[in-house]
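Read through the structure below, which is laid out as structure tokens, and then see the notes.
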Amino acid sequence: MTNQDWRVRSLKAVWHPCTQMKLHARDIEPQPLIPVARAEGVWLHDFDGRRYLDGISSWWVNLFGHNHPAIREALVQQLQSLDHVMLAGFTHAPVVELSERLSALTGLGHAFYGSDGASATEIALKMSAHHWRNAGRPGKNCFVGIAGGYHGETVGALAVTDIALFREAYAPLVRLGATAPSPDARGALPGEDAAAVAERAAAALSEWLAAHHAQTAAVIAEPLVQCATGMAMHHPVYLQRLRELCDRYQVHLVLDEIAVGFGRTGSLFAHQQAGILPDFLCLSKGLTGGTLPLSAVLTTDAVYAAFYDDEVARGFLHSHSYTGNPLACRAALATLDLIASTDIVNANQTTGARLWAQFEGVTQHPRVSHARRQGMIFAWDVASSLPDFSRRYARHALAQGLVLRPIGHTLYAMPPYVISEDEGRWLADGALKALNATLAEETAGLPAQAGVLDGV
Ligand SMILES: *Cc1c(COP(=O)(O)O)cnc(C)c1O
């Protein structure tokens, strides 16, 4: 079977996510669909013998490279004894061990499991509102998100996801939360630094909470980097202010570390750089090293205690069929072992600095502004008149043997942690070549294409 065989069958049978399917069917410059036969380390291999460096860790899930032998071995071992059992009325070693380990790492416990990031958001929001109901304050049931925030795309999660493209069509279904100004450091006014932007954003939220705290259950935020809106980065003082405000107004702080957890931002968890603890912590994506779907919500003893009661209905009666799946938990345990045995948080300091130096050509490009890095997340804003810059760039990147998919006009890289120096050079050189090739189309005056899906 060749790439083309699989492409044809896939387009007939599969409805691909976050995709206008017709873009794949155009006869002029179709958006290429890449059938992947196997993956190893940072590389994806197609059916025609080509390989692509996975510069975005397959939507930010992969930490230690594809097909890691330690995770594979852990899964093979687990399959010998227990594939799956429901977690209501039953328990098993992988879920117990994982919950203990996550609690020791975060200082939060009572791990509740889902299967993906959006379900973690749903669980945290439901738990927060239900907590206030159990506490005799049922009026506290509204949520505040941050401008540009992304917490998943189920109907509940869309209430706090501030990305119009994902939300517009479903607006009538969504009970929209309030949106606080973003602490994005790029929003600095003349004379302001990143910390000043953060203080200004926090002051606006403070004003809002002063008026609305009685109806507000929780503030939800992505600490340090809002990834999906285009790698918007902010100063950690914002998180300290969030913690103070939530304490002052008796509102929960939900931190969504689905994308930024597990060493991505330079610490094991992003919020640790601010020296604070949230009331709820949402984890997914890198949790299993990018092998199996799993999410977890961790919370405080105080929240847990509000549900612990003789009355059944005061319990958290939420579930997913595969909650706490043993294979996924075993993959997560193997991932935590790798985090410890490779001392990855420290190792990433070196890898991140090395890659940032390798990206110098992109950073210095005359069309690039706001070059920024947080740990192993690298981003640049590109000035281009191409409305479909993102899609054109992704196509040129593939031609360079690279998976890079800009979000709007923000080019970013978020590679697996195991990327070597040579692979880093491949990534950085290809990223620059793809940038020049994309901008050359602009000067060639090619017509803009209609129906662009920006931001995927
Ligand atoms: C990806 C992501 C989600 C949603 O996770 P899914 O597994 O795609 O549902 C939520 N929050 C953040 C910050 C994310 O990056």
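Position 1 is the first residue of the sequence; numbering continues from there. Counting convention: from 1, in listed order, for ligands and their atoms alike.
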| message | Whether the side chain of Thr19 engages the backbone of Pro17 through a donor-acceptor N/O pair (distance < 3.5 Å, no angle test) should be reported. | response | yes
| Can you find a side-chain donor-acceptor pair between Arg175 and Asn141 that sits under 3.5 Å? | yes
| message | Nearest non-hydrogen contact with atom 11 (N) of ligand 1 belongs to which option: Asp256, Val160, Val61? | response | Asp256
| query | Between Trp208 and His213, does the ring centroid distance fall short of 6.0 Å? | reply | no
| Any nitrogen or oxygen of Ala118, main chain or side chain, under 3.5 Å from a nitrogen or oxygen of ligand 1? | yes
| For atom 6 (P) of ligand 1, which protein heavy atom lies nearest, and how many Å away is it? | Gly117 N, 3.4 Å
| said: Quick check on atom 8 (O) of ligand 1 - does any protein heavy atom sit closer than 4.0 Å to it? | reply: no
| query | What about Lys285: any of its N or O atoms under 3.5 Å from an N or O on ligand 1? | reply | yes
| Is the ring centre of Phe112 less than 6.0 Å from the ring centre of Phe316? | yes
| query | Does Tyr52 have its ring centroid less than 6.0 Å away from the ring centroid of Trp43? | reply | no
| request: Just jot down the ligand 1 atoms closer than 4.0 angstrom to any heavy atom of Ala259, in number order. | output: 15 (O)
| Short list, please: which atoms of ligand 1 are under 4.0 Å from a heavy atom of His151? | 10 (C), 11 (N)
| said: With heavy-atom distances below 4.0 Å as the criterion, list the atoms of ligand 1 near Gly152. | reply: 4 (C), 10 (C)
| ligand 1 contact by Trp60, heavy-atom criterion under 4.0 angstrom | yes
| said: Quick check: Tyr322 with Tyr113 (ring centres under 6.0 Å apart)? | reply: no
| message | Could you tell me if Asp381 and His409 have a donor-acceptor pair between their side chains, going purely by distance under 3.5 Å? | response | no
| task | Heavy-atom distances under 4.0 Å are what count here, so tell me which part of Ile258 touches ligand 1: side chain, backbone, both or neither. | result | side chain
